[in-house]
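Step one of this worksheet: look at the structure below.
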Amino acid sequence: MTGAADGPGAAGAREPASYRITDFHVHIQPWRQLKPQVMETMRRGKEEHFEFLLALMDDPRLLLEIMDRDGIDRVGMVNYPSPRIMGFGDETNEFAARYAAAEPRRLLPYGGVDPVTNADPVRAVEHLLELGIRVLKLHPPHQGFAANDYTRGLDALAKIYAICEARGLPVLVHTGTSIFPGARSKYGNPMELDDVAIDFPDLRLIMAHGGRPLYMHEAFFILRRHRHVWLDLSGIPPRNLLEYFPRLTELETQLLWGTDWPSPGVRGMRENVQQFLALPLGESVMRAALEMNARRLLP
Ligand SMILES: [Zn+2]
């Protein structure tokens, strides 16, 4: 896999332009709905361009310009209702669909259903499909449940997994901590996905963030045990990726490139790609993560 031409020695020559990159996980969301303290956390460290970021959430043309500049072909726009913690309501799904309509090939809308507060989760998932939502996002620390809480009576969650499995809608689950006020990071342990992968074997399940920064051992175990679970690399500083996952190449068929931009601590989509391309990894792993796997999952 790492021949002379594509071994670590060639890393410096790699260019983002050589790949048709899908950034599987960016945050284009109705930020104006954020609760005041959450908004403050979001603003921290990007005070000078925060007004621009708010405008970006209103205007897909601004995002497409940034994608062109950064050499990003497609982005997955993560949205999910989190009425109690973040402030987003169900209309976040309509927001994502409307935003993506500006350039549907390149802007992939993700949506969600809050299993704790939604009274009719099956209808809600059907509505997402009608809107053209490409991935259903669950955020346990922001929605207040564990990803396997259907084993303890949260029936709405089993219904969501079952209909997504039947209809082929991939489910993306946040793992790892969250720094936003009110977030319950105890729900970020990837071990809970063991139950989900066993009980819903045909579900296309994606683990976001690899449990960072606390649960990487659990994350790696789940990914090795369940080869149909994908790993979204967003939120992990790319320069430290091989410290987090020293055996990353063993997950080649499961890797999905993502940045979490413009969340706290993420400088830019292109900067992250460049850091990733500088890692001592073979060409086939790079291409699988940046390009091929996302095109298999979301053609
Ligand atoms: Zn995220």
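Model, not experiment: these values are computed from the prediction. Note that these values count all heavy atoms, side chains included, but never hydrogens, waters or copies made by symmetry. Throughout, numbering of the chain's residues begins at 1 and tracks the sequence.
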What about [X] and [Y], same hydrophobic cluster or not, with Ile/Leu/Val/Met/Phe/Trp/Tyr joined at side-chain heavy-atom distances under 4.5 Å?
X: Ile179; Y: Tyr187; answer: no
X: Leu129; Y: Ile160; answer: yes
X: Ile198; Y: Val173; answer: no
X: Leu54; Y: Phe180; answer: yes
X: Met292; Y: Trp230; answer: no

Looking only at atom types and distance, does a side-chain atom of [X] sit under 3.5 Å from a main-chain N or O of [Y], one as donor and one as acceptor?
X: Ser18; Y: Arg14; result: no
X: His209; Y: Ser234; result: yes
X: Lys46; Y: Arg267; result: no
X: Glu165; Y: Tyr161; result: no
X: Glu47; Y: Gly45; result: yes
X: Lys159; Y: Asp155; result: no
X: Glu192; Y: Ala146; result: no
X: Thr175; Y: Gly211; result: yes

Exercise for the section: Go through the steps for Ser82 and His142 under the test side-chain hydrogen bond (donor to acceptor under 3.5 Å, both in side chains), then give the verdict. Expected result: CA-CA 6 Å; Ser82 171; His142 290 178; 5.1 Å; no
Give a yes or no on this: more than 12 heavy atoms of other residues, nucleotides or ligands lie within 6.0 Å of atom [atom1] of [X].
X: Arg123; atom1: CZ; answer: yes
X: Arg184; atom1: CZ; answer: no
X: Glu126; atom1: CD; answer: yes
X: His228; atom1: NE2; answer: yes

Checking [Y] against [X]: is there a side-chain donor and acceptor pair closer than 3.5 Å?
X: His25; Y: Thr259; answer: no
X: His226; Y: Asp194; answer: yes
X: Thr117; Y: Asp114; answer: yes

Distance (rounded to the nearest 0.5 Å) between [X] [atom1] and [Y] [atom2]:
X: Tyr110; Y: Asn79; atom1: OH; atom2: CG; answer: 11.0 Å
X: Leu233; Y: Tyr244; atom1: CG; atom2: OH; answer: 12.5 Å
X: Phe52; Y: Met57; atom1: CZ; atom2: CE; answer: 9.5 Å
X: Leu279; Y: Gln274; atom1: CG; atom2: CD; answer: 12.5 Å

Would you call [X] and [Y] a salt bridge, taking side-chain N to carboxylate O under 4.0 Å as the test?
X: Arg295; Y: Glu291; result: yes
X: Glu283; Y: Arg287; result: yes
X: Asp23; Y: Arg74; result: no

Handout entry: By side-chain contact (heavy atoms from CB on, under 4.5 Å) - contacts of Asp73 (at least two apart)
Key =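 By the side-chain contact (heavy atoms from CB on, under 4.5 Å) rule, Asp73 matches Arg20, Arg105, Arg106.
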Fill in the blank from the handout: Residues passing the side-chain contact (heavy atoms from CB on, under 4.5 Å) test with Ala156, sequence neighbours excluded, are Pro115, Pro121
Handout entry: Shortest non-hydrogen contact between Ala208 and Asp232, atoms and distance
Key =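 Minimum heavy-atom separation between Ala208 and Asp232: CB-OD2, 3.5 Å.
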Practice task
Return the minimal non-hydrogen interatomic distance between Ile133 and Leu169, and the atom names on each side.
Solution key: O-CD1, 3.5 Å
Exercise for the section: Answer with yes or no after comparing the ring centroid distance for Trp31 and Phe88 against a 6.0 Å cut-off, counting only values under it. Expected result: no
Handout entry: Sub-4.5 Å side-chain heavy-atom contact between Glu218 and Asn189
Key =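 With C-beta onward as the side chain, the pair touches.
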Problem - Evaluation steps, side-chain hydrogen bond (donor to acceptor under 3.5 Å, both in side chains), between Tyr150 and Asp195 - result: CA-CA 10 Å; Tyr150 64 89; Asp195 281 331; 5.2 Å; no
Practice task
Only one of Phe276, Tyr19, Phe24 passes ring-ring contact (aromatic ring centres under 6.0 Å, His included) with Trp257; say which it is.
Solution key: Phe276
